[in-house]
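The block underneath contains the structure these notes are about, expressed in structure tokens.
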Amino acid sequence: MTLGIFNTLTRKKDELHPKDGKTFGMYCCGPTVYGPAHIGNFRTFCAQDVLRRTLELTGIKVMHVRNITDVDDKTIRESRKLGQTLTEFTRRWEDKFHKDCDALNLLKPQVEPRATEHIKEQLDMIIKLVEKGYAYATADGSVYFKIAADLDYGKLSGLEVKNLETQTVNSAGDANNADEYARENVSDFALWKGRKPEDGDNFWKSPWGEGRPGWHIECSAMAQKYLGDSFDLHGGGIDLCFPHHENEIAQSESATGVSPCVRYWFHSAHLMVEGEKMSKSLGNLYTLDDLTAKGYSPNQIRFTLISGHYRQQLNFTFKGLEDAKSAIAKLEKSTLQTLQNLGISEAEFKTFIAPKANFENSVFEAAFAAMCDDLNVPKALGEIFSAFAKSKETPLTKADLEALGGLLYALGLKLFEREEKTEIEIPAEVTELAQKRLEAKQAKDYALADTLRKQAADLGWIITDTKTGFEIKKA
RNA sequence: GGCGUGGUAGCCAAGUGGUAAGGCAAGGCUCUGCAAAAGCUUUAUUCGUCGGUUCGAUUCCGACCCACGCCUCCA
């Protein structure tokens, strides 16, 4: 089965095929490393991860490139504030980003190029654009892309240049014509930024003097270097559709003359938090650490982030995280039951979680079909639960479990990941209460038994009955 | 102003021109001294509002209401 994905460029569902018939080239806009990434960022990275995993499950080899933006206004400003070099500062957040990605079970891209290590490639492209008349330098040593020279500009986002030009106020309410440099047109965007005092030591030499690259050019230059002039897929958050991706197309196609530079455009919707737009000012901008500190596991967070369709705005709530925990537990329970029926160990089952599976005549065929239909994760999850419900009449086979393993690979969900057991010391006092309660119960003195259980509860411990005795758990 | 998305049970969320997947929560039952856990089970005559097309619309069309996104560096 082939994977069909909604393509922003064609505005319809297109089947994904590698251009060269072998390896699918996929470029994703990575993080700007000036602080910890938030769950909104991770929603996008999770969606891209599910895309990659599903492609692999359909038998396609993927070359995944995701950049690190380690130079821009924010990284420069924050590093200088701390008196650190740009590299010192950005590496710290890059490392943090990678730790978070691992926790969320995001597959590592094969290549993770840094913007600062590809200045030459970016300059080469800018030079080419100037030579071809698509860009011009200004008096302050900056270089701008000339939108008027690109007749195709706007084809991805569907925005018309004339509307851009008449736009006087941007979404933040700021004047849009605040033209600090001598741009020919307010919509022209920076390819190279002339050095300013606030840049500190962060500058590179160019034919137009010292400065640093603009934001959009890094993705064009690095994607081209690692994937070629025309590659398969480019992904990012929906907000990047315009201007970032529109500008990338303008840069890449103008520089190379090759069109399309990208065949499929993959955009994921944003998330809301408790029904509100996520923003720093509302205090609802959560990082992974914020949530794990509250006791939510990364697996649970991942489940929540992918449980809504990627093109649908997701309302991220704490109730949703709780729901995810219960849903995962149910999935584990059903799976475990099947494993026991078939005499398969958890360890063996884990080897089934791999990008290979045969879904033909499997009860999980519908779930796989849902994944292949524009990554319909909510439907796929529904089909998985339905399959387990049906298994009461027709027990699942080993082949079914292998198919389930394939789906779990695509979703990137982990089962049977025991939370690392921190050995909790049960106070002797509590054990004694439990022992006394057991005796009281055996003597049918239930009033006393209940009192003792209550006492333990007051101390923060829960006593439950088992077949042979009792069990003590932390409340 | 331009472009776009969405409104489905208490919450989350699929879906289809032929009468509403799934998850969570809640209720009932079994088990249990009672709980917990576990198992079984029930829960939308209805899909924002009003019209239209149709034998039939939640699904198509129109209008309206509401929410949200993008319109220069925010995933």
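Throughout, a chain's letter reflects where its sequence line sits, starting with A, and its residues are numbered from 1. Keep in mind that what you see is a predicted model, and the values were worked out from it rather than measured.
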Atom-pair distance (OH on Y153(A); P on C3(B)), nearest Å: 18 Å

Any N315(A) side-chain N or O less than 4.0 Å from OP1/OP2 of A67(B): no

Per T464(A) side chain, nearest of listed nucleotides A35(B), G33(B), G39(B): A35(B)

R453(A) side-chain proximity, nearest of A25(B), C73(B), C34(B): C34(B)

Shortest side-chain distance from A449(A), nucleotide among G33(B), C68(B), C12(B): G33(B)

Near-ring test Y286(A)/F318(A), centroid separation under 6.0 angstrom: yes

Per-nucleotide pairing state of RNA chain B [Watson-Crick or G-U, under 3.5 Å; [ ] pseudoknot-crossing; | other strand]: (((((((..(((.....[...))).(((((.......))))).....(((((..]....))))))))))))....

Atom-pair distance (CG on L411(A); C1' on G22(B)), nearest Å: 14 Å

Whole-Å distance separating the CG atom of L271(A) from the C1' atom of C74(B): 13 Å

Among A13(B), G33(B), G23(B), the one nearest L314(A) by side-chain distance: A13(B)

L438(A) CG to A35(B) C1', straight-line distance once rounded to whole Å: 15 Å

K330(A) side chain near C24(B) phosphate (N/O to OP1/OP2, under 4.0 Å): yes

Donor-acceptor pair between H118(A) and Q122(A) side chains, under 3.5 angstrom: no

Closest to side chain of A327(A), choosing from C73(B), G69(B), G23(B): G23(B)

Interatomic distance, H270(A) NE2 vs A75(B) P [rounded to whole Å]: 8 Å

Nucleotide C68(B), atom C1' - distance to CD1 of I238(A) in whole Å: 13 Å

Whole-angstrom distance between C24(B) and A38(B), as gauged at atom P: 11 Å

Heavy-atom neighbours of K325(A) NZ exceed 12 at 6.0 Å: no

Salt bridge flag under 4.0 Å for residues E184(A) and K146(A): yes

Which residue lies more 5' along RNA chain B, comparing K319(A) with S307(A) via nearest heavy atoms: S307(A)

Separation of A36(B) P from F470(A) CZ (nearest whole Å): 20 Å

First of P243(A) and A380(A) reached from the 5' end of RNA chain B, by closest nucleotide: A380(A)

Residue-phosphate contact under 4.0 Å: K441(A) side-chain N/O, C34(B) OP1/OP2: no

ring centroid sep under 5.5 Å plus plane angle under 30, F385(A) with G22(B): no

Closest listed nucleotide, where the reference is the side chain of D323(A) and the choices are C73(B), C70(B), C24(B): C24(B)

Closest nucleotide among C73(B), G22(B), G69(B) to the S386(A) side chain: G22(B)

Test: R453(A) and D450(A) ion pair at under 4.0 Å: yes

NZ/NE/NH1/NH2 to OD/OE distance under 4.0 Å, D465(A) and K441(A): yes

Nucleotide nearest Y446(A) when distance is taken to its side chain, options G69(B), A13(B), G33(B): G33(B)

Rounded interatomic separation in angstrom, taking CZ from R437(A) and C1' from A36(B): 10 Å

Nucleotide nearest S326(A) (side chain, heavy atoms from C-beta), chosen from A25(B), A14(B), A75(B): A25(B)

Close aromatic pair by centroid cut-off 6.0 Å: F89(A) and Y34(A): no

Greater than 12 external heavy atoms within 6.0 Å of K436(A)'s NZ: no

